[in-house]
Amino acid sequence: AVVLCAYLEMEGIDLKDRSVIELGAGTGLLGIVVTLLGTWAVGVSHVLLSPLGAHITITDRAAALEFLESNVQANLPPELRPRAVVKELTWGKDLDNFPPGAFDFILGADIVYLEETFAELLQTLEHLCSERTVILLSCRIRYERDLKFLKMLRERFSVSEVHYDSSKDVHIYKAQRGSCRDDF
């Protein structure tokens with residue numbers, strides 16, 4: 001999550017007024033940072049919060065939601081909390097609770113590790129994606145199964161590696177329907 005947060009800031013990816021969903025949020029770090037990115041404006045004598053950040057849906061399974069919600073509440077200023085919605089999402093289930101193709105960005109940090117969830121994760125990505133959606137996934141490639149997921153992803157999306165952090169051994173992959181575009 002830390003590497004993907006740094007990448008979003010370093011690349012200056014414009015998240016202002018974009019619709020973003022995070023899958024498998026865990027602690028919510030990535031979703032909290034995405035909510036904050038682009039909202040700070042420096043005034044003459046102080047820092048102001050601008051209402052121009054992303055609208056993010058931060059998701060995880062039911063068991064993680066209470067902790068996730070408490071982290072969002074504790075780490076976002078009150079005026080930005082309405083931009084971050086915590087919602088249950090178990091991959092491949094109840095996808096009708098999420099409008100198909102409604103998100104500009106789909107983010108996932110370290111969510112590729114259980115081979116038995118790969119088919120449901122791909123089903124979820126396909127449901128949430130439109131032609132304009134950009135998927136950014138950060139992960140370590142630890143095992144052969146991780147490469148298997150990338151192969152499965154490439155069968156359904158155009159995929160490219162956009163960043164590698166050698167100090168943390170974390171890759172960031174960009175995926176889109178059709179051919180990958182260079183812009184965000």
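Heavy atoms only: backbone and side chains are in, while hydrogens, waters and symmetry mates are out. What you see is a predicted model, and the numbers here were worked out from it, not measured in a lab. By convention here, the first residue in the shown sequence is residue 1.
If you take CG on L107 and CG on L30, they are separated by 5.0 Å, rounding to the nearest 0.5 Å. One distance of note links CD1 of I58 with CG of L89; it measures 13.0 Å at 0.5 Å rounding. Considering CD1 of I21 and NE2 of H55, their distance stands at 14.5 Å, rounded to 0.5 Å. Taking CH2 of W91 as the start and CZ of R61 as the end, the distance is 8.0 Å to the nearest 0.5 Å. Summarising the geometry, atom CD1 belonging to I172 is positioned 8.5 Å from atom CD belonging to E11; distances are rounded to the nearest 0.5 Å. Distance CD1/I56 to CG/L80: 12.5 Å, rounded to 0.5 Å.
The side-chain contact (heavy atoms from CB on, under 4.5 Å) test with Y173 singles out one residue from V162, L150, L136, and that residue is L150.
The pair K151-E155 meets the salt-bridge criterion, since a charged nitrogen lies less than 4.0 angstrom from a carboxylate oxygen.
In terms of heavy-atom proximity, P78 sits nearest to P82 at O-CD, 3.5 Å. Of all heavy-atom pairs between S138 and L4, the closest is OG-CB, 3.8 Å. In plain terms, the two heavy atoms of Y113 and F118 that are nearest each other are N-CE2, 4.1 Å. Looking at every heavy atom in both residues, A54 comes nearest to V34 through CB-CG1, 3.8 Å. Here the shortest heavy-atom pairing between Q73 and E69 reads NE2-OE2, 2.7 Å. In plain terms, the two heavy atoms of S19 and A102 that are nearest each other are OG-O, 3.4 Å.
For N71 (side chain) and L68 (main-chain N/O), no donor-acceptor pair under 3.5 Å exists by modelled atom type. The backbone N or O of V20 sits nowhere less than 3.5 Å from a side-chain atom of D104 that would complete a donor-acceptor pair. Listed for the K87 side chain is a donor-acceptor partner under 3.5 Å among the backbone atoms of N97. The main-chain N or O of F105 is never found under 3.5 Å from a side-chain atom of T133 such that the two would form a donor-acceptor pair. When atom types are taken as modelled, the side chain of T124 and the backbone of G92 share a donor-acceptor pair closer than 3.5 angstrom. Between the side chain of R145 and the backbone N or O of L114 there is no donor-acceptor pair closer than 3.5 Å. Checked by atom type and distance alone, the side chain of D165 never pairs as donor or acceptor with a backbone atom of V170 at under 3.5 Å. A donor-acceptor contact shorter than 3.5 Å links the side chain of H127 to the backbone of F98. No donor-acceptor distance shorter than 3.5 angstrom exists from the side chain of R140 to the backbone of D110, with no hydrogens or angles considered. Within the 3.5 Å criterion, the main-chain N or O of E126 finds a donor-acceptor partner in the side chain of R177.
Contact of the L36 side chain with the P77 side chain is registered, since non-hydrogen atoms from C-beta on lie closer than 4.5 Å. No side-chain heavy atom of V112 sits less than 4.5 Å from a side-chain heavy atom of L153. For the pair R83 and D17, the minimum side-chain heavy-atom distance is below 4.5 Å. In this structure, I13 and Y7 have side chains that are in contact, with non-hydrogen atoms separated by less than 4.5 Å. Between C129 and F157, the closest side-chain pair of non-hydrogen atoms falls below 4.5 Å.
Applying the 6.0 Å contact sphere to CD of E161 captures more than 12 heavy atoms from other residues, nucleotides or ligands.
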Candidate pair H163 and V3, rule side chain to side chain contact (heavy atoms under 4.5 Å, CB included), full reasoning: CA-CA 9 Å; H163 182 72; V3 174; 4.1 Å; yes

Worked check of side chain to side chain contact (heavy atoms under 4.5 Å, CB included) between L37 and V33: CA-CA 6 Å; L37 280 175; V33 169; 4.1 Å; yes

